[in-house]
Novice: 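To start, I am sharing the structure in question, which I have written as structure tokens.
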Amino acid sequence: MKVEKTEEKEVSLNFIERIIEEHNANGRFGGRVHTRFPPEPNGYLHIGHAKAIYTSFTIAQRYGGKTNLRFDDTNPTTERTDFVNAIQKDIQWLGFQWEGEPKYASDYFQQLYDYAVQLIKQGQAYVDFSTAAQMDTMKKAGTASPYRNKPVEENLAWFEKMKNGELADGTCVLRLKIDMKSDNWLMRDPVIYRIKKETHHRTGDKWAIYPMYDWAHGLSDSIEGITHSLCSLEFEVHRPLYDWCLEQLKVYQSQQIEFSRMNVNYTVTSKRKLKELIDLEKVNGWDDPRMPTISGMRRRGYTPVAIKDFIARAGVSRRPQIIDLSNLEASVRNHLNQIAKRVMVVLDPIKVVITNYPEGQAEELTIENNPEDETAGTRQVKFSRHIYIEREDFMIDPPKPKKYYRLAPNKTVRLKGAYIIQCDDYVTDPETGEITELHCSYVPNSKSGEDTSGVKVKGTLHWVNQEDAVEVETRLYDRLFMDENPTGRKESYRDENNKKRKRPIDFKTFLNPDSLKVEKAYAEPYLKGATMEDHFQFMRKGYFVLDQDSTEDKMIFNRTVTLKDGWKRR
RNA sequence: UCGGGCGUGGCCUAAUGGUUGAUGGCACCUGACUUUGAAUCAGGAGGGUGUAGGUUCGAGUCCUACCGUCCGAUCCA
């Protein structure tokens, strides 16, 4: 029996948890779990980072551990304080809190310098005056630099001069002396310090040299007592170097573990490409609701709960994952369905006259705010002779009458929370042929909740009372790219020798021209009390959230995601 | 070219060598219900685990080769 099997089933561990349990069993870290999230403050966080954040924070939580936030700020050229702030805001918005104060690799610059001096003294690092091009050539050939075996004292002196700013940028670098013949190119005497006379966002002009990632990262982990340093797969080849540095210095040994980063189709997550979209004004900034950034998703109306649910469902593994957008949208809909207040908004209106409802008369109807949540309460909605319905909810000549539930001549529908109406006639503009008005009659004893009419209808339409309708702006978003893999396409061409070749297609070619549509809409007055914290379901239209661009007299709503559409046309 | 990683339904994922029932979610299809063609409920289709060998009483799990794919040679992180 299936039921029994389900009951027996245990929650399976992912591969990182297994490693941790192994460490806990053999006592490597004394049962401690301390992770870190190490963003570089040179851009905004995106969905891929959200997975890294989620993974590092939740795995520590699961084992009663802690997580540091550490800014990997070793390259002053690209790093800025405003990114530092935005990153902190995003992490907290997702619902995570790091241990203590935020940390910075720059906090350890002196320590990192001292460690470098130590390695020079151990004869394992040297100052190299070769040019970048020469170094590149030697790396490929696997040959040693002429500076490789200079005396320790000389290296010490030069490194000191580097630090003191006595040498111009690019004069020389400090390299590790490891193995110029290694199959792993990163071990062919990697550069660990370069001269950069630039102002750092935190240390100002104190330093003329800055450590490279491979030197700063592992040692920062070690200094902070990080047990499990989780990172993405592309750093796997760095692990031997990571381990080498800690071993040679005989310092605390953190364990780097790599997992695959998360990609979602129909989007891009490279910081460079996101920045390009902003610079070319294809989108309106890092927090444009079409961006896969955390701030963009926040503005779009995605919730932390939904994003975390999505990441949890995707899981963590070492297989490259390109997850279908529908998974993210499903998580978003799932959460919003539980919390969103229902409200009626007509996006593309057509006037309806209820011909047998007296002019000047009106009544208040009571409608529940969220059928999924009784505590959400009810609201009053006014009904009268003149209302709007959605233009697409009426057809003069429906294609498949039996499967068509909406309004058409002589057909009946229920108006949500109100009465059943029948369409008796329609008016068209003699010039354009466009339908301008519907004439309907309502069934008086069919009022919602006290219907004694016995009339059965298949369809229910949302509607808005004309008299007190509020005009709002809606921003309807769709995927930013039309191709599911905008950065991975290639095209054939012929070169100057008429030889067939392939080259990558510019990802911007695939931008969706209809990724944003701005529409006026009519909303029921209840919406006037909306704040940016509220999530709404515009009935039958999708989930919406108030945008920050809204003003006193103009409310703007972003469509977070459409409702699932079970109605297949034709 | 070299080095490394990864190949389980369309997309993720489980299976920790052990019963030909290979999990679960998303997507998809059908039906029920419905005052949201949503939600909910019930059901369904779709893979034999990249390929070929091998080890084993037994392989998605181990080994070898091949194929595919991704990553890696910044004074970036």
Side-chain angles (χ1 to χ4, degrees), chain A residues 2 5-6 9 11-15 18 38-40 42 72-75 77-79 105 128 131-132 135-136 139-140 169-175 182-186 188 190-196 209-210 212-214 216-217 231-240 258 260 262 264-265 271 310 312-331 333-334 337-338 342 344 367-368 371-372 403-406 413-420 446 448-449 451 457-462 484 488 537-542 562-568:
Chain A
K2 267 194 168 176
K5 182 156 184 179
T6 315
K9 199 180 174 186
V11 181
S12 60
L13 302 175
N14 65 42
F15 82 99
R18 262 176 234 166
E40 183 188 13
N42 68 346
D72 224 333
D73 54 351
T74 56
N75 184 2
T77 313
T78 56
E79 296 156 0
D128 196 332
T131 64
M135 279 176 46
D136 190 48
K139 252 189 187 180
K140 281 177 180 154
D169 285 16
T171 308
C172 56
V173 294
L174 185 71
R175 296 177 75 180
S182 174
D183 282 334
N184 184 345
W185 292 53
L186 285 163
R188 321 253 267 219
V191 173
I192 61 167
Y193 268 99
R194 77 282 214 191
I195 302 168
K196 233 181 214 294
I209 55 172
Y210 291 94
M212 302 283 290
Y213 168 84
D214 285 304
H217 196 82
C231 61
S232 50
L233 236 35
E234 70 236 59
F235 290 102
E236 178 160 34
V237 289
H238 292 250
R239 182 156 27 97
E258 314 86 18
S260 57
M262 167 184 279
V264 177
N265 60 7
K271 277 184 199 167
F310 164 67
R313 287 181 199 230
V316 48
S317 71
R318 289 172 65 84
R319 295 171 61 176
Q321 39 181 221
I322 304 170
I323 301 178
D324 198 291
L325 228 201
S326 64
N327 287 267
L328 213 203
E329 293 185 337
S331 287
R333 288 191 185 106
N334 186 37
N337 177 48
Q338 295 165 42
R342 272 60 170 173
M344 295 195 288
I367 302 184
E368 58 193 341
E372 306 286 328
K403 279 284 183 184
Y404 183 79
Y405 299 165
R406 304 182 183 188
V413 295
R414 156 81 59 187
L415 291 175
K416 174 67 189 180
Y419 299 91
I420 291 172
S446 67
S448 182
D451 185 354
V457 295
K458 283 298 270 184
T460 301
L461 306 185
H462 62 285
E484 61 177 287
Q537 185 197 94
F538 289 4
M539 295 194 85
R540 306 204 307 135
K541 290 275 110 185
T562 59
L563 250 34
K564 208 162 128 182
D565 186 4
W567 190 46
K568 306 289 177 281

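The basis for the numbers below is simple: all heavy atoms, side chains too, and nothing from hydrogens, waters or symmetry mates. A, B, ... follow the sequence lines: proteins, then strands. Residue 1 opens every chain.
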Novice: To the nearest angstrom, how far is A/E258 atom CD from B/C71 atom P?
Specialist: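 Interatomic distance, CD of A/E258 to P of B/C71: 16 Å.
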
Novice: Does B/G31 count as syn, meaning its glycosidic angle lies within 90° of 0, or as anti?
Specialist: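 Anti.
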
Novice: According to a cutoff of under 5.5 Å between the ring centres and under 30° between the ring planes, does A/W185 stack with the base of B/A73?
Specialist: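 Answer is no, no stack.
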
Novice: With rounding to whole Å, what would you report as the distance between B/C12 and B/C6 at their P atoms?
Specialist: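 That atom pair is separated by 16 Å.
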
Novice: Could you tell me whether A/E258 and A/R318 make a salt bridge, using a distance below 4.0 angstrom between a side-chain N and a carboxylate O?
Specialist: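 Between A/R318 and A/E258 there is a salt bridge, with a charged N closer than 4.0 Å to a carboxylate O.
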
Novice: By centroid distance (under 5.5 Å) and plane angle (under 30°), are A/Y405 and B/G37 in a stacked arrangement?
Specialist: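 Stacked: ring centres under 5.5 Å, planes under 30°.
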
Novice: Classify the side chain of A/E372 and the base of B/U40 as holding, or not holding, a donor-acceptor pair under 3.5 Å.
Specialist: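 No, no donor-acceptor pair under 3.5 Å.
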
Novice: Please work out if A/N337 contacts a base, only the sugar-phosphate, or nothing of the nucleic acid, heavy-atom cut-off 4.0 Å.
Specialist: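 The answer is sugar-phosphate, as A/N337 gets under 4.0 Å only of primed atoms, P, OP1 or OP2.
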
Novice: B/G50 and B/A59: how far apart are their P atoms, nearest whole angstrom?
Specialist: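 That atom pair is separated by 15 Å.
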
Novice: With salt bridge (Lys or Arg N to Asp or Glu O under 4.0 Å) as the criterion, how do A/D451 and A/R414 come out once you've worked through the C-alpha distance, each side chain's angles and the decisive distance to 0.1 Å?
Specialist: CA-CA 11 Å; A/D451 185 354; A/R414 156 81 59 187; 2.8 Å; yes

Novice: Could you report the tightest heavy-atom contact between A/A216 and A/T74, atom names first, then the distance?
Specialist: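 Taking every non-hydrogen atom into account, CB-CG2, 3.6 Å.
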
Novice: Which value, in whole Å, describes the distance between the C1' atoms of nucleotides B/G31 and B/G37?
Specialist: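 The answer is 15 Å between these two C1' atoms.
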
